[in-house]
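The block underneath contains the structure these notes are about, expressed in structure tokens.
Positions are given from 1, in the same order as the sequence printed here. Read the numbers this way: they start at 1 and go in the same order the structure lists the ligands and their atoms. Since we're looking at a predicted model, the values are computed, not measured.
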Amino acid sequence: MQMLKDAILEKGRAINQDVLLVDSFLNHQVDVGLMKAVGEAFAEHFSGKRFTRVVTIESSGIAPAAFTALSLNLPLVIMKKQTSRILTGDILQTTVRSFTKGTSYELTVKRDFLEPGDRVLLIDDFLASGEAAFGVLHLAQQAGATVDGIGIVIEKAFQSGHDRLTAEGLDVYSLARIKSMSERHIEFLD
Ligand code: 5GP
């Protein structure tokens with residue numbers, strides 16, 4: 001998606017070879033015009049599939065996921081990051097290791113919002129090692145739901161997430177795929 005690649009090149013900043021800051025248009029300040037276009041691009045790509053819910057992880061996935069849900073006319077479910085386990089029957093949880101923070105959190109969703117038979121479209125801001133996506137997959141399995149599509153705004157293709165997810169047979173679509181990056185240069189895959 002050219003508009004997104006232009007924003008990454010103009011406003012993104014790789015702080016090293018692994019971490020890209022995009023806080024001026026995606027993670028902190030949000031370019032809603034760009035996010036609307038992102039949502040429409042996901043909706044177009046996945047238009048042949050029938051989902052029941054769009055799911056994302058708080059907080060940076062919310063903007064692109066909200067516009068995707070709007071375009072597909074589906075409810076949006078935001079999975080929460082809790083610091084500790086909650087032991088009640090109406091909640092599903094799984095532990096996820098955070099790439100950016102080097103810590104773990106409990107990915108949490110109410111059973112009411114992820115139900116048996118749900119067909120989920122997962123939307124997230126970044127794909128790195130795939131831990132966050134696998135967390136959503138585990139919660140979907142616990143709920144008796146399936147993840148039928150994964151839309152990623154920025155994929156760091158030099159990390160393992162894409163290969164790990166596609167090896168599980170998952171349908172992963174990324175709008176910008178970064179081949180490599182450094183403080184001075186960002187290169188995309190075609
Ligand atoms: P994964 O679970 O695939 O290793 O990492 C995905 C999550 O980590 C995303 O939801 C995103 O919040 C965060 N993340 C991973 N890499 C980056 C990055 O380079 N920049 C930013 N801003 N967030 C990242």
Please state which protein non-hydrogen atom is closest to atom 15 (C) of ligand 1 and give its distance, to 0.1 Å? Phe99 CD2, 3.4 Å
Under 4.0 Å from a heavy atom of Asp18: which atoms of ligand 1 are those, numbered in the order shown and with their elements? 19 (O)
With heavy-atom distances below 4.5 Å as the criterion, would you say the side chains of Phe25 and Ile8 are in contact? yes
Decide, yes or no, whether a salt bridge links Asp148 with Lys49 under the criterion of side-chain N to carboxylate O below 4.0 Å. no
Applying a heavy-atom cut-off of 4.0 Å, say which part of Lys156 lies close to ligand 1: side chain, backbone, both or neither. side chain
Return the residue, atom name and 0.1 Å-rounded distance of the protein heavy atom closest to atom 5 (O) of ligand 1. Ala128 CB, 3.6 Å
May I ask you to decide if the ring planes of Tyr173 and Phe46 are parallel, tilted or perpendicular, using 30° and 60° as cut-offs? perpendicular
For atom 21 (C) of ligand 1, grab the closest protein heavy atom and report residue, atom and distance to one decimal in Å. Phe126 CE1, 3.4 Å
Of the side chain and backbone of Asn27, name the one, both, or neither that has a heavy atom under 4.0 Å from an atom of ligand 1. side chain
Determine the sole option in Leu76, Leu72, Val77 for which the side-chain contact (heavy atoms from CB on, under 4.5 Å) test with Leu74 is passed. Leu72
Of Asn16, Leu20, Ile57, which has the heavy atom at the shortest distance from atom 20 (N) of ligand 1? Leu20
Is the closest heavy-atom distance from Gly130 to ligand 1 below 4.0 Å? yes
Name the closest protein heavy atom to atom 2 (O) of ligand 1, giving the residue it belongs to and the distance to 0.1 Å. Ala132 N, 2.8 Å
Salt bridge check, Arg85 against Glu106: does any charged N sit closer than 4.0 Å to a carboxylate O? yes
Any Leu26 heavy atom less than 4.0 Å to ligand 1: no
Below 4.0 Å from any atom of ligand 1, is there a heavy atom belonging to Leu21? no
To check your reading of the model: name the closest protein heavy atom to atom 10 (O) of ligand 1, its residue, and the distance in Å. Asp124 OD2, 2.8 Å
Please name the pair of heavy atoms, one in Leu26 and one in Pro64, separated by the smallest distance, quoted to 0.1 Å. CD1-CD, 4.2 Å
Ion pair Glu187/Lys179, N-O distance below 4.0 Å: yes
What are the two closest non-hydrogen atoms of Val30 and Met35, and how far apart are they? CG1-CG, 3.7 Å
Considering Gly135, Ser129, Gly161, which one's heavy-atom position lies nearest to atom 4 (O) of ligand 1? Ser129
What's the separation between atom CG in Leu21 and atom CZ in Arg13, rounded to the nearest 0.5 Å? 5.0 Å
For atom 14 (N) of ligand 1, find the nearest protein heavy atom and state the residue, atom name and distance (0.1 Å precision). Thr100 CG2, 3.6 Å
Applying the side-chain contact (heavy atoms from CB on, under 4.5 Å) test to Val136, which of Leu122, Val96, Leu114 qualifies? Leu122
Could you see which bit of Ile154 sits under 4.0 Å from ligand 1, with heavy atoms only: side chain, backbone, both or neither? neither
The protein heavy atom nearest to atom 11 (C) of ligand 1 is Asp125 OD1, 3.4 Å
